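Basis for what follows: all heavy atoms, side chains included, without hydrogens, waters or symmetry-related copies. Below, chains carry the letters A, B, ... as their sequence lines are ordered, and counting in each starts from 1. The structure presented is a predicted model; accordingly, all values stated were derived computationally and were not measured.
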Amino acid sequence: MVRLLFFARLREELGTAGEDIHLPEHVNTVKALRRHLMARGEAWKEALGPNKVLRVSVNHEMAQDDTPVRAGDEVAFFPPVTGG
Amino acid sequence: MVRLLFFARLREELGTAGEDIHLPEHVNTVKALRRHLMARGEAWKEALGPNKVLRVSVNHEMAQDDTPVRAGDEVAFFPPVTGG
Amino acid sequence: MKIRVQTENFDIATEIAALREGRPQIGAVASFIGVVRDLNEGDRVSTMTLEHYPGMTEKALAAIVEEAKRRWDIIDVTVIHRVGELKPQDQIVLVAVAGEHRGEAFAACEFIMDYLKTRAPFWKKERTPEGERWVEARESDDRAAERWQKGESK
Amino acid sequence: MKIRVQTENFDIATEIAALREGRPQIGAVASFIGVVRDLNEGDRVSTMTLEHYPGMTEKALAAIVEEAKRRWDIIDVTVIHRVGELKPQDQIVLVAVAGEHRGEAFAACEFIMDYLKTRAPFWKKERTPEGERWVEARESDDRAAERWQKGESK
């Protein structure tokens, strides 16, 4: 089980703040997870597509495409930050 | 008549915060005024001597050796500033 | 180090007094307050809503402050960032840095703001006469943060 | 522009509120407080006396603020400098700069402090267990002020 979280514009576009999902064994990196979610349908493909500038964190640390994703992790997808 | 002012260490070394003096006609620059005052005696020679790093203002503006000094001016001598 | 994410407002004098308390070696306090402006991109802003990532936010801010402490000889730092709904002229963020000397305090304070702007998980949504919109990240903020990576003398 | 030379203490929150009053375009306030340290040059300081040049001081500070306004796009500035007898941990100086954006506010605030340190007619005398002594000007302050003349990118 992996906890997914979505913030800001992404949360609105996907209509969800997050969920807990079981991932197939081959979905074990940030990049693979993003593709896995894009396969869910048009809204997901649009929101997570490669033309979208997104940030991803794994367990509260900023992650890259090749960052591993394992059972028990918390993975968050969000737009570039705009606080301050 | 020119108003002389002395601040901080210089005021203490000279034992005066200032005075009004009449200057001879040839004492018409900062440099000439400094020499004129040094001729007053040992304490003045010591406090205003060329080996002392001093600042001089004329009418509240920072001045140089060749800045003119005229009747009615306020001329201040002081050490480098240390506020803030 | 004091890091707070809160809906409540803050008072800079109270925060600086707490930061300085019992530390007579402090000679310099550099600080910054970010404020909601009434205009953005030419549109009048009526409300600004700050969203964040609870759990990650405090860690991200603490990591930025730790990095500042590694880079500069500073004594302590307070960072307060508000979340929730704010109005124009409301305070958004406070960064206060105490040190012995001003140069290090200034540099660390500006560094923390630049990194906060690009690395801490906050998002702004503003309401204007045209409706609601998410504030876009600024390229100028990325450039400001990148300065600190090039070893530029500050 | 608010320039004050006073014996009384100041409250940074009150001063920033006054600086921001009625100006909803302000998005950034960078500020600095200088504080009397308990140690200087390794000696314990019991009292610090600030002397200044009444008449010239306010003009010198105003000229520094005007120069900052020429160099950066800022909205307004408050400078308060105390004189008379102070104790360790007492506030000495406040510089607060309000602007639309943080980069210009930070730069102007640091510039004003660097110039104040080298161009405004204040002198510090400190009392230590060894007796009274005038604080010597620091070369590091001269260097800090000179940075702004070399067109360095800040």
Under 4.5 Å heavy-atom distance to chain D, tell me which part of [X] shows up: side chain, backbone, both or neither.
X	result
C/Ile16	side chain
C/Glu15	neither
C/Ala28	both
C/Asp114	both

Nearest atoms (heavy-atom pairs only) where [X] meets [Y]:
X	Y	answer
D/Asp90	C/Arg20	N-NH2, 4.5 Å
D/Ala13	C/Ile12	CA-CG2, 3.7 Å
C/Gln25	D/Arg37	O-CD, 3.2 Å
C/Gln89	D/Pro24	NE2-CB, 3.5 Å

Above 12 or not: heavy atoms from other molecules or residues under 6.0 Å from CD of D/Glu8?
->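 Yes, enclosed.
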
Should the heavy atoms of other residues, nucleotides or ligands under 6.0 Å from CD of D/Glu139 be counted, would the total exceed 12?
->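 No, not enclosed.
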
Look up atom CD1 in D/Ile33 and atom CD1 in C/Ile26, then write down how far apart they are to the nearest 0.5 Å.
->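 So the CD1 of D/Ile33 and the CD1 of C/Ile26 are separated by 10.5 Å.
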
Counting heavy-atom pairs under 4.5 Å to chain C, which of D/Asn40, D/Thr14, D/Val29 comes out on top?
->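 Greatest number of close heavy-atom pairs with chain C: D/Val29.
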
Can you say whether D/Ala144 sits under 4.5 Å from chain C via the side chain, the backbone, both, or neither, judging by heavy atoms?
->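 For D/Ala144, the contact with chain C is made by the side chain alone.
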
Determine yes or no for a side-chain-to-main-chain donor-acceptor pair under 3.5 angstrom, with C/Arg102 supplying the side chain and D/Gly34 the backbone.
->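 No, because the side chain of C/Arg102 does not come within donor-acceptor range (under 3.5 Å) of the backbone of D/Gly34.
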
